[in-house]
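Single-structure report; data block below.
Every heavy atom of this structure was used, including side-chain atoms; hydrogens, water molecules and symmetry mates were not. Chain identifiers are assigned alphabetically (A, B, ...) following the order of the sequence lines, protein sequences preceding nucleic acid strands; residue numbering begins at 1 within each chain. Keep in mind the model is a prediction, meaning the values are calculated, not measured.
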Number of protein chains: 2
Amino acid sequence: MKQTDSASVSRNYHHGDLYQSLLFTATEMIAEGGTESLSMRKLADRVGVSRTAPYHHFKDKNALLCAIAEQGFERVEKLLHEVRIKEESESLAMIFTQYVHTYIELAYKHREQYDLMFGREIWRNGTPTESLHNRSRQHFKSWLKWIEHLCDEKVLHVGDSTLRTAQVCWATLHGLCRLFNDGIYTEQSHLDEMVDTAVNMMLKNT
Amino acid sequence: MKQTDSASVSRNYHHGDLYQSLLFTATEMIAEGGTESLSMRKLADRVGVSRTAPYHHFKDKNALLCAIAEQGFERVEKLLHEVRIKEESESLAMIFTQYVHTYIELAYKHREQYDLMFGREIWRNGTPTESLHNRSRQHFKSWLKWIEHLCDEKVLHVGDSTLRTAQVCWATLHGLCRLFNDGIYTEQSHLDEMVDTAVNMMLKNT
DNA sequence: CAATCAATCTTGACAGTGTCAAAATATCGT
DNA sequence: ACGATATTTTGACACTGTCAAGATTGATTG
């Protein structure tokens, strides 16, 4: 409710809720023009504050990006929980298929945030926040648990181990996401067919 | 043979083979410290030339990156051709498995170049060179042809269409590559098992 | 050989970036 | 009212990509 839309807030010396405001606006900017278009200075400008003010709330540009990524994890974690709740109503294979569809749609809708969650920018440089590290680990655990369940119920084709299955299945999802997110596959109209093909590859063919 | 190792070459005003030299050194620098660590100025410095000299051989930093990416495509194209030649000696499934292993190994060995080939930096901004565009398209055609062959021979599980199969299979490879390249999966020792699991998912279970 | 021309490289400049140190300002507890 | 603390600002530095104008060279003519 107090979501600081940089006009209505009184321009005090003390902003009041700069942390949230920065996070919100930064996410906005990234969604608009990509991760590269976000500069600390432009962000500060847009929030109506001086260049270095953000540094008192985020140690780094990196810390800011990690915080944004973390919110992304919260989103997918929520999605996963929602799906696991309605497990009684439909067949498990159906639910899995649907999850994959929405996962990839969501990843595309928030492309830039997704890139932050799993991109080299944060992970390859070895700079993920403790907090981000934990949240991502925790999310993979949730995913693993679901896949184990699907393997037990003979829905998924299980190979060497359910862990490997979970890793590879997710790699497939991730690969599809990246190809679309990064603009390598551009025909959005083919996406549904591709997802179905992928899911068929994963499901135990009966 | 004339591969300019920035010491032995006489420091003339005219470098002699600056284009090649830039390409070579830039690739080197990227392999060392990642795409982000390559700056035009440092590159020029290392080659022993002034800041803006590279701009007479590459329109942009982007153009330079595209050229490097292109060399990466040449490499994988070569790999694919080598594999398709020895098709008689072993079972097709075996050859496919082996290809996937070497593909992913190669991608990891040249992580940064791989990132250039398929990363957002070039593709998402819509800035691939004509030349790069063609070469990548051509490579996917080669891949598609092989997959079609493997589908015909009942080696691969064919879904809606061989095109979709080719796309999804490659997405799976790509997903695995990225997870390791970007430092999300770090246990290198699990890679072989994961690749096997992935291949099993793609092969027609007999 | 000398003179012109095109190819190649350099210097200077500008706007933009992340971030540190020191100074300024506001808020709060006493 | 005052001093402590939290918050923000100004100034500065080194770095980035790239443009415009000038300097230097090698090749091509007469």
Side-chain angles (χ1 to χ4, degrees), chain A residues 2 4 6 9-26 29-30 32-68 112 116 120-122 124-129, chain B residues 2 4 6 9-26 29-30 32-68 112 116 120-122 125-127 129:
Chain A
K2 206 177 163 192
T4 314
S6 73
V9 97
S10 56
R11 190 63 60 259
N12 297 334
Y13 191 93
H14 281 179
H15 181 115
D17 199 8
L18 190 52
Y19 182 90
Q20 285 302 327
S21 209
L22 287 170
L23 208 55
F24 181 79
T25 308
M29 289 175 73
I30 280 184
E32 286 170 9
T35 307
E36 274 77 27
S37 93
L38 170 69
S39 91
M40 287 306 238
R41 294 167 107 109
K42 275 191 246 161
L43 170 61
D45 224 51
R46 189 138 140 188
V47 170
V49 92
S50 85
R51 287 154 273 153
T52 61
Y55 284 87
H56 297 90
H57 300 268
F58 297 95
K59 175 183 165 294
D60 256 340
K61 183 177 185 181
N62 180 68
L64 172 60
L65 297 181
C66 284
I68 295 175
E112 310 294 343
L116 241 36
R120 70 191 305 88
E121 171 113 47
I122 289 178
R124 177 71 214 296
N125 300 344
T127 50
T129 297
Chain B
K2 207 177 162 191
T4 314
S6 70
V9 96
S10 57
R11 189 64 61 261
N12 296 332
Y13 192 92
H14 281 177
H15 180 111
D17 198 7
L18 189 53
Y19 182 91
Q20 285 301 327
S21 210
L22 287 170
L23 208 55
F24 181 80
T25 307
M29 289 176 73
I30 281 184
E32 286 170 10
T35 307
E36 274 78 26
S37 92
L38 170 69
S39 91
M40 288 306 238
R41 294 168 108 110
K42 276 191 245 162
L43 170 61
D45 223 50
R46 188 139 143 188
V47 171
V49 92
S50 85
R51 288 154 275 155
T52 61
Y55 285 87
H56 296 90
H57 299 269
F58 297 94
K59 174 182 165 296
D60 254 344
K61 182 178 185 180
N62 180 68
L64 171 60
L65 296 181
C66 284
I68 295 175
E112 309 295 342
L116 240 36
R120 72 193 302 88
E121 171 112 48
I122 290 177
N125 301 342
T127 50
T129 298

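- The two residues B/Cys66 and B/Thr129 have their closest heavy-atom pair at CB-OG1, 3.2 Å.
- Within 3.5 Å, a donor on the side chain of B/Arg41 pairs with an acceptor on the base of D/dT18, or the reverse.
- Following rounding to the nearest Å, B/Arg51 (CZ) and C/dT11 (P) show an atom-to-atom distance of 7 Å.
- Rounded to an integer number of Å, the gap from B/Met40 CE to D/dT16 C1' is 11 Å.
- Remark: A/His57 is in phosphate contact with D/dT8, judged by side-chain N or O atoms under 4.0 Å from OP1 or OP2.
- B/Phe58 has its CZ atom 13 Å from the P atom of C/dT8, to the nearest Å.
- The shortest heavy-atom contact between A/Tyr55 and A/Met40 is OH-CG, 3.7 Å.
- Taking atom CD of residue B/Glu121 and atom P of nucleotide D/dG17, one finds them 11 Å apart after rounding to whole Å.
- Set against D/dG17, C/dG18, D/dA12, the side chain of B/Tyr55 has D/dG17 as its closest nucleotide.
- Atom CG in A/Leu65 sits roughly 12 Å away from atom C1' in C/dG18 (whole-Å rounding).
- The existence of a salt bridge linking B/Glu121 and A/Arg120 is excluded, since no basic side-chain nitrogen approaches an acidic carboxylate oxygen closer than 4.0 Å.
- Considering only the side chain of A/Asp60, C/dT19 comes nearest among C/dT19, C/dT11, D/dG17.
- Here the P atom of nucleotide C/dC9 and the CG atom of B/Asp45 are 16 Å apart, to the nearest Å.
- The side chain of B/Val49 has C/dC9 as its nearest neighbour among D/dG11, C/dC9, C/dG18.
- Map A/Thr52 and A/Lys42 each onto its nearest nucleotide of DNA chain C; the residue landing nearer the 5' end is A/Lys42.
- Taking both residues in full, the closest heavy atoms of A/Ala67 and A/Phe58 are given as CB-CE2, 4.0 Å, listed atom of the first, atom of the second, then distance.
- The CD-P distance, from B/Glu36 to D/dG17, rounds to 12 Å in whole Å.
- With rounding to whole Å, A/Asp17 atom CG is found 10 Å from D/dT8 atom P.
- A salt bridge links B/Glu32 to B/Arg46: at least one charged side-chain nitrogen sits closer than 4.0 Å to a carboxylate oxygen.
- Between A/Ser39 and the phosphate of C/dT17, there is a side-chain N or O to OP1/OP2 separation shorter than 4.0 Å.
- Of the candidate nucleotides C/dT19, C/dC9, D/dT18, C/dC9 has the atom lying nearest to any side-chain atom of B/His56.
- Residue B/Lys61 has its side chain nearest to D/dG17 when only C/dT10, D/dT8, D/dG17 are considered.
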